[in-house]
Amino acid sequence: MGNSKSCALSKEVLEDLKLNTRYTEEQLYTWYQTFLKECPTGRISQQQFENIYATFFPDADPKAYAQHVFRSFDQDSDGTLDFKEYIVALHLTSSGKTMEKLEWAFALYDLDRNGSITKNEIQEIVRSIFRMISEEDQKILPEDENTPEKRADKIWFFFGKKENDKLTEGEFIQGIMDNKNILRLIQFDEPQKVQERLKEKKQ
C-alpha cells in the first residue's frame with residue numbers, strides 16, 4: 001500500500017477498459033478511487049465479493065451464486081478480482097452487449113472451465129439461483145419450473161440435448177438467440193417479473 005502501483009490506474013488498463021466497456025475516463029477514475037477505499041490492496045477477495053452480494057439480497061442466501069459469479073470473473077484464477085476484472089464484471093452484468101452477456105453466462109455455467117456444459121453443471125447453477133428466491137416466491141413459479149431439477153430439465157429440453165450430452169459455447173449462445181425462454185430460465189429473475197411476462201404472452 002502507498003506505492004505508485006497501488007494508487008495509480010495504469011494507462012494500459014484505462015485504455016483497455018475504455019475500449020471494452022461503456023465507461024468514460026472520468027467514470028473509471030472515480031470508480032477506481034472508490035475501489036481503493038473499499039479494497040486498499042487493489043484486490044477484492046471472494047469473501048468481500050460475497051459480502052457485497054449479500055447486501056443486494058438481504059432476505060435470501062446468495063453465497064453459492066456469488067461464488068459462481070466470482071469464479072466466472074476471476075480470469076487468472078488467483079482467488080481475487082483486480083480493478084479490471086471488477087469493472088468488466090460490473091459492465092457485463094449491468095449494460096454489456098447481448099453477445100458479451102451470453103459469453104459470460106456460458107462461463108458462469110461452465111464450472112470446470114473445460115469449454116462445454118453438462119446437465120449437472122446447469123443444475124448446480126440453477127440450485128444456487130433458487131437459494132436467492134424466497135419460498136413464497138417459489139410457490140408462484142410455473143409448475144414445470146418450480147424446483148431446480150424441473151428448471152434444469154426444461155433448459156436441457158429447450159437445447160434439445162439428451163441426459164448425458166454436452167453443450168458447447170456456440171450451441172449455448174445459438175440456443176438462447178433462437179429461444180428467449182432459455183435466457184429467462186438461466187438467469188436470476190424475480191418471480192414477479194416472470195409472472196408479468198407470462199401474462200403479457202397470454203394477452
Side-chain angles (χ1 to χ4, degrees), residues 44-54 56-57 60-81 85-86 88-94 96-135 137-138 141-191 193-194 197:
I44 292 182
S45 68
Q46 183 170 311
Q47 186 62 54
Q48 285 173 305
F49 188 80
E50 287 172 19
N51 292 343
I52 291 168
Y53 233 86
F56 293 122
F57 304 100
D61 177 14
K63 183 176 180 179
Y65 188 71
Q67 286 173 348
H68 290 307
V69 172
F70 184 90
R71 168 189 47 77
S72 71
F73 287 120
D74 183 13
Q75 294 167 355
D76 54 11
S77 303
D78 70 348
T80 63
L81 295 186
E85 289 169 326
Y86 177 70
V88 168
L90 194 68
H91 167 71
L92 277 181
T93 52
S94 61
K97 294 172 185 170
T98 301
M99 189 58 73
E100 290 176 335
K101 283 186 175 180
L102 293 182
E103 287 170 354
W104 169 67
F106 181 83
L108 179 69
Y109 277 85
D110 183 13
L111 297 179
D112 58 8
R113 297 184 174 182
N114 70 346
S116 64
I117 294 173
T118 64
K119 189 178 178 183
N120 283 340
E121 287 175 315
I122 295 270
Q123 281 183 337
E124 174 65 27
I125 300 295
V126 170
R127 221 173 273 124
S128 71
I129 289 172
F130 264 72
R131 287 188 193 132
M132 297 196 294
I133 305 174
S134 71
E135 285 185 22
D137 284 341
Q138 285 185 36
L141 287 169
E143 175 65 29
D144 63 346
E145 57 184 73
N146 61 3
T147 69
E149 292 71 28
K150 286 182 186 176
R151 182 174 284 204
D153 283 344
K154 194 171 182 178
I155 292 168
W156 213 234
F157 173 77
F158 277 143
F159 279 120
K161 291 293 183 180
K162 293 176 184 171
E163 189 72 20
N164 296 317
D165 283 350
K166 291 186 177 181
L167 195 62
T168 65
E169 184 175 13
E171 290 172 326
F172 180 83
I173 291 172
Q174 193 58 52
I176 294 171
M177 300 289 265
D178 292 343
N179 188 338
K180 293 291 185 273
N181 267 316
I182 301 176
L183 185 60
R184 177 180 64 77
L185 291 168
I186 65 166
Q187 60 190 6
F188 172 64
D189 205 353
E190 291 174 30
K193 290 180 185 174
V194 175
R197 286 181 194 172

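Because the structure is a prediction, the values reported are computed rather than measured.
- Side-chain N or O atoms of Arg71 include one that pairs as donor or acceptor with a backbone N or O of Ala107 at under 3.5 Å.
- Heavy atoms from other residues, nucleotides or ligands lying under 6.0 Å from CG of Asn164 number 12 at most.
- Between Phe106 and Phe172, the ring planes are perpendicular. Angles over 60° get that label, and only those under 30° would be called parallel.
- Between Ile133 and Asp137, the shortest heavy-atom contact is CG2-CB, 3.7 Å.
- The number of heavy atoms from other shown groups lying within 6.0 Å of NZ (Lys180) is above 12.
- Not a single side-chain hydrogen bond (donor to acceptor under 3.5 Å, both in side chains) links Glu103 to another residue, sequence neighbours left out.
- Inter-residue side-chain proximity for Met177 and Met99 is flagged as met; some heavy-atom pair is nearer than 4.5 Å.
- The side-chain heavy atoms of Ile155 and Glu145, taken from C-beta on, include no pair separated by under 4.5 Å.
- In this structure, Lys150 pairs ionically with Glu143, as a charged nitrogen and a carboxylate oxygen lie closer than 4.0 Å.
- Interatomic distance, Leu102 CG to Glu100 CD, rounded to the nearest 0.5 Å: 10.0 Å.
- For the residue pair Glu124 / Asn120, no side-chain donor-acceptor distance below 3.5 Å is found, with atom types taken as modelled.
- Remark: Arg184 CZ to Arg151 CZ distance equals 6.5 Å, nearest 0.5 Å.
- The CG atom of Leu108 lies 13.5 Å from the CZ atom of Phe70; values are rounded to the nearest 0.5 Å.
- Here the shortest heavy-atom pairing between Ser116 and Lys166 reads OG-CD, 3.6 Å.
- The closest side-chain heavy-atom distance from Phe157 to Asp144 is not below 4.5 Å.
- The shortest heavy-atom contact between Lys162 and Trp156 is O-NE1, 2.7 Å.
- Although no hydrogens or angles enter the test, the distance criterion places no donor-acceptor pair under 3.5 Å between the side chain of Gln75 and the main chain of Glu85.
- Rounding to the nearest 0.5 angstrom, the gap separating the CG atom in Asp110 from the OG1 atom in Thr118 is 9.0 Å.
- Distance check, rounded to the nearest 0.5 Å: CD of Gln138 to CZ of Phe130 gives 5.5 Å.
- Considering every non-hydrogen atom in both Pro62 and Ala54, the closest pair reads CG-CA, 3.8 Å.
- Taking the side chain as every heavy atom from C-beta outward, Trp104 and Val69 approach each other to under 4.5 Å.
- Other residues, nucleotides and ligands contribute more than 12 heavy atoms inside 6.0 Å of the NZ atom of Lys154.
- A salt bridge is defined here as a Lys NZ or Arg NE, NH1 or NH2 lying under 4.0 Å from an Asp or Glu carboxylate O, and Asp153 with Lys119 meets this definition.
- For the atom pair CG of Asp74 and CG of Leu81, the computed distance is 5.5 Å after rounding to the nearest 0.5 Å.
- Of all heavy-atom pairs between Phe49 and Ala66, the closest is CE2-O, 3.5 Å.
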Run the side-chain contact (heavy atoms from CB on, under 4.5 Å) test on Tyr109 and Val126 for me, step by step, so that the C-alpha distance in whole Å, both residues' side-chain angles and the decisive distance to 0.1 Å come before the verdict. CA-CA 9 Å; Tyr109 277 85; Val126 170; 4.2 Å; yes
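- Looking at heavy atoms from C-beta onward, Leu111 lies in side-chain contact with Ile125 at the 4.5 angstrom threshold.
- The two residues Arg113 and Ser72 have their closest heavy-atom pair at NH2-N, 4.5 Å.
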